[in-house]
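Following: one structure in structure tokens, then a few remarks.
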Amino acid sequence: MSPPRMGVEQQTVSRTFSTLERHAKSISDDEVDQHKPRLRGWTLHIVLAFCAGAGFTLFGYDQGVMSALITANQFDAIFPQTVSPINDPTGQAATLQSLMLAIYEIGCLIGALSNLWIGDKLGRRKTIVLGGCIMIIGATLQATAFSYPHMLVGRIVTGMGNGLNTSTVPSYHAECASPERRGPLIMVEGSLIIFGLMISYVSTIGKWVDFACYWATGSQAQWRVPIALQIVIAMMMMCGIPFLPESPRWLVKHGRNAEALAVISALEDTDRHNPRVVQTYAGICEAVEAELEGSSKEKLSRLFQGGPTQNFRRTMLGIVNQCFQQITGCNLVMYGHRRCVELRLKEGFHRYYATLLFQRLGLSDVNSRIVAACSGTEYWLASLIPIFIIERVGRRRLMLLGAIGMGTAMVLLAILGSINTPAAQIASTVLLFVYNSFFAIGWLGMTWLYPAEIVGISIRAPANALSTASNWTFNFMVVMVTGPSFANIQWRTYIVFAALNALIVPCVYFFFPETAGRSLEDMDIIFAVAYAEGVSPVQVSFRKDLPVAGSPEADEVLGLKKRGESPDVREDREKDR
């Protein structure tokens with residue numbers, strides 16, 4: 001079943017003009033003109049995608065920058081306590097090395113959870129800038145570290161900034177993009193994660209940076225320069241944010257309606273009276289009115305509400321979606337299946353040691369780094385595919401395709417792991433590329449797009465904070481359990497993750513509504529209709545007879561028409577009919 005294409009251009013919008021006047025009758029053209037953003041149209045969308053998306057480049061960069069650096073001789077000289085002998089897998093050095101790397105996820109978790117309280121108060125732009133500032137401080141601490149505790153603090157601080165950014169950027173981007181542009185633009189963010197990994201670890205440029213710095217064997221620049229480079233990326237992001245407008249959804253929610261109209265007009269590159277602008281603005285106003293009436297805007301208890309808004313269900317969909325990304329085994333396969341390739345070497349295991357995979361296959365140190373860089377390059381190229389197909393194929397199909405492909409790759413890895421011959425090891429390396437491709441297409445960017453789309457405006461910031469926290473929690477869990485799993489059940493670890501991928505398929509099919517072609521406010525209507533009719537939101541998401549957000553019919557679905565209305569409002573509604 002193909003996803004519906006219900007862009008507002010396919011619906012009559014003339015009936016919403018009176019709705020707009022009810023919400024904006026006190027807003028003059030002069031007030032709107034005072035808040036005109038500096039950029040408009042596609043220029044604004046592109047700058048927003050790559051400037052705000054730089055936060056995801058930072059995400060990828062910092063997450064991967066330690067991969068090759070932990071094998072650098074100058075790094076080992078400063079942190080000798082992390083050098084783990086091959087014959088001592090359970091020693092203190094292996095534990096300290098894993099802690100140095102995994103502590104980053106703890107910082108990310110703290111940063112994401114902090115967005116529960118500060119995200120809606122600061123707004124999307126200020127939160128991103130705050131996250132960038134924190135990451136700069138953390139990167140500075142890491143690049144200047146001369147002791148193990150110093151490095152730990154730096155990685156925690158950097159993670160906190162990254163947690164703020166990764167829980168804010170998708171919401172900001174989703175709230176600014178139109179339905180037909182939202183998917184491709186946020187998929188760019190997933191690609192930018194890999195671009196960041198390219199500038200540091202398993203992606204093209206990143207691995208090439210590590211490769212270049214590898215030659216600086218006599219200088220501490222060998223590892224300090226790659227770490228410090230993230231400061232440059234953060235500065236680029238922060239310098240661009242002032243040129244971008246605030247999210248129109250956040251502006252309406254906080255009563256800054258004139259500014260919101262100006263931003264919507266700029267994003268659409270048209271006049272404020274254009275029917276498309278009218279439709280979008282009216283839909284946002286009615287969504288805010290329906291969700292926030294009679295309740296404090298900042299109450300986190302709204303996350304647990306049921307009823308027509310289905311807030312709890314929608315929050316859980318975002319949390320589970322982020323969880324699914326991690327339990328697919330992406331960290332296991334992309335950064336660590338070398339453990340099964342050479343199980344007889346009982347070294348400590350961690351996701352960040354990708355280069356060692358190729359060394360264990362008999363490649364020289366230099367060649368292993370080149371092959372790892374090529375692996376990252378292919379991974380990045382695969383991440384570009386969903387940018388061009390996501391609106392045509394839909395979210396659900398890509399998630400299903402990714403889970404089926406990754407599960408199949410896991411089964412094959414288990415079979416090859418049980419054989420454990422040189423030929424099987426080479427085939428396992430090829431499967432690394434195959435798995436990366438399915439993950440990049442189906443789940444890399446999807447888990448940053450879908451949670452931002454599925455929830456309503458009143459809970460978007462805290463819900464995305466929780467879903468992002470879910471990502472980092474399961475990230476940390478998978479990283480920490482994979483080593484002991486390989487030590488005890490060896491190649492059978494792949495069977496566990498194959499089963500988890502198989503579980504994802506029916507969960508997505510039966511519980512995840514399609515969001516392609518829908519505005520963010522249309523999702524409110526889908527869940528309200530599903531609740532009223534007692535059917536699954538998945539079924540409703542494919543219907544083409546639903547009212548468009550902002551229309552009188554949508555008001556009735558959302559329950560707005562049941563309230564007492566003034567004669568003027570009632571007259572407007574009669575005219576709309």
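Below, each value reflects all heavy atoms present in this structure, side chains not excepted, and no hydrogens, waters or symmetry copies. All values derive from a computational prediction rather than experimental measurement. We're numbering straight along the sequence, starting at 1.
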Inset, instruction - Would you check, one step at a time, whether the test side chain to side chain contact (heavy atoms under 4.5 Å, CB included) holds for Val455 with Leu303? - result: CA-CA 10 Å; Val455 296; Leu303 291 167; over 6 Å; no
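- Glu175 pairs in a salt bridge (charged side-chain N to carboxylate O under 4.0 Å, His left out) with only one of the listed residues (Arg249, Arg125, Arg124), which is Arg124.
- Within the model, atoms CZ of Arg460 and OH of Tyr172 stand 14.5 Å from one another, a figure rounded to the nearest 0.5 Å.
- Smallest separation of non-hydrogen atoms from Trp380 and Ser191: NE1-OG, 3.1 Å.
- Within the 4.5 Å cutoff, the side chain of Leu141 has heavy atoms near those of the Ile137 side chain.
- Side-chain contact between Leu413 and Tyr435 is absent, with no heavy-atom pair separated by less than 4.5 Å.
- Between the side chain of Ser437 and the backbone N or O of Phe433 there is at least one donor-acceptor pair closer than 3.5 Å.
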Inset, instruction - Check the pair Met477, Thr473 against side chain to side chain contact (heavy atoms under 4.5 Å, CB included), reporting the backbone distance first and the verdict last. - result: CA-CA 6 Å; Met477 183 197 73; Thr473 300; 5.7 Å; no
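- Considering only heavy atoms from C-beta on, Leu400 stays 4.5 Å or farther from Arg397 through its side chain.
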Legend entry - CA sep, side-chain torsions, deciding dist, call: Thr166, Trp472, side chain to side chain contact (heavy atoms under 4.5 Å, CB included): CA-CA 10 Å; Thr166 53; Trp472 294 115; 3.6 Å; yes
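- Of all non-hydrogen atoms in Ala143 and Ala228, the two that sit nearest each other are CB-CB, 4.1 Å.
- When all heavy atoms are compared, the tightest approach of Ser536 to Arg313 is OG-NH2, 4.4 Å.
- Listed for the Arg155 side chain is no donor-acceptor partner under 3.5 Å among the backbone atoms of Gln142.
- Thr447 places none of its side-chain heavy atoms less than 4.5 Å from the side chain of Phe324.
- Under a 4.0 Å N-O distance rule, the pair Arg518/Asp524 does not qualify as a salt bridge.
- Trp250 places a side-chain N or O within 3.5 Å of a backbone atom of Asp120 that can act as its donor or acceptor partner.
- Under a 3.5 Å cut-off, the side chain of Arg314 and the backbone N or O of Thr309 do form a donor-acceptor pair.
- For Glu453 (side chain) and Ala174 (main-chain N/O), no donor-acceptor pair under 3.5 Å exists by modelled atom type.
- Distance check, rounded to the nearest 0.5 Å: CG of Leu317 to CD1 of Ile454 gives 5.5 Å.
- At least one side-chain heavy atom of Leu164 sits under 4.5 Å from a side-chain heavy atom of Ile118.
- At a threshold of 4.5 Å between non-hydrogen side-chain atoms, the residues Arg182 and Leu520 count as touching.
- For the residue pair Asn436/Glu378, the side-chain donor-acceptor check at 3.5 Å is not satisfied.
- Relative ring orientation between Phe79 and Phe75 is described as tilted, the plane-to-plane angle lying within the 30° to 60° band.
- When all heavy atoms of Gly123 and Thr127 are compared, the pair lying nearest together is O-OG1, 2.7 Å.
- Atom-to-atom distance recorded for Ile231:CD1 and Thr140:OG1 is 3.5 Å, nearest 0.5 angstrom.
- Between the CD1 atom in Ile106 and the CG atom in Leu152 there is a gap of 12.0 Å [rounded to 0.5 Å].
- Not one N or O on the side chain of Gln325 forms a donor-acceptor pair closer than 3.5 Å with the backbone of Gln322.
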Inset, instruction - Determine, step by step, whether Asn165 and Met237 satisfy the side chain to side chain contact (heavy atoms under 4.5 Å, CB included) criterion, reporting the C-alpha distance in whole Å, the side-chain angles of both residues, the deciding distance to 0.1 Å, and the verdict. - result: CA-CA 11 Å; Asn165 283 340; Met237 175 187 71; 4.0 Å; yes
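- Taking all atoms of both residues into account, the shortest heavy-atom contact from Ala465 to Ser167 is CA-CB, 4.0 Å.
- Asn321 and Ser467 share no donor-acceptor pair across their side chains, judged by distance under 3.5 Å alone.
- Looking at Tyr148 and Leu99, their side chains come closer than 4.5 Å, going by heavy atoms from C-beta outward.
- A pairwise comparison of heavy atoms in Phe497 and Gly329 identifies CD2-CA, 3.5 Å as the closest pair.
- Phe512 is not listed as a side-chain neighbour of Ser541, based on a closest heavy-atom distance of 4.5 Å or more.
- Summarising the geometry, atom CE belonging to Met238 is positioned 3.0 Å from atom SG belonging to Cys133; distances are rounded to the nearest 0.5 Å.
- Using modelled atom types, one side-chain atom of Thr468 and one backbone atom of Asn464 make a donor-acceptor pair closer than 3.5 Å.
- Atom OH of Tyr494 and atom OG of Ser418 lie 11.5 Å apart (nearest 0.5 Å).
- Side chains of Thr515 and Arg395: a donor on one and an acceptor on the other come within 3.5 Å.
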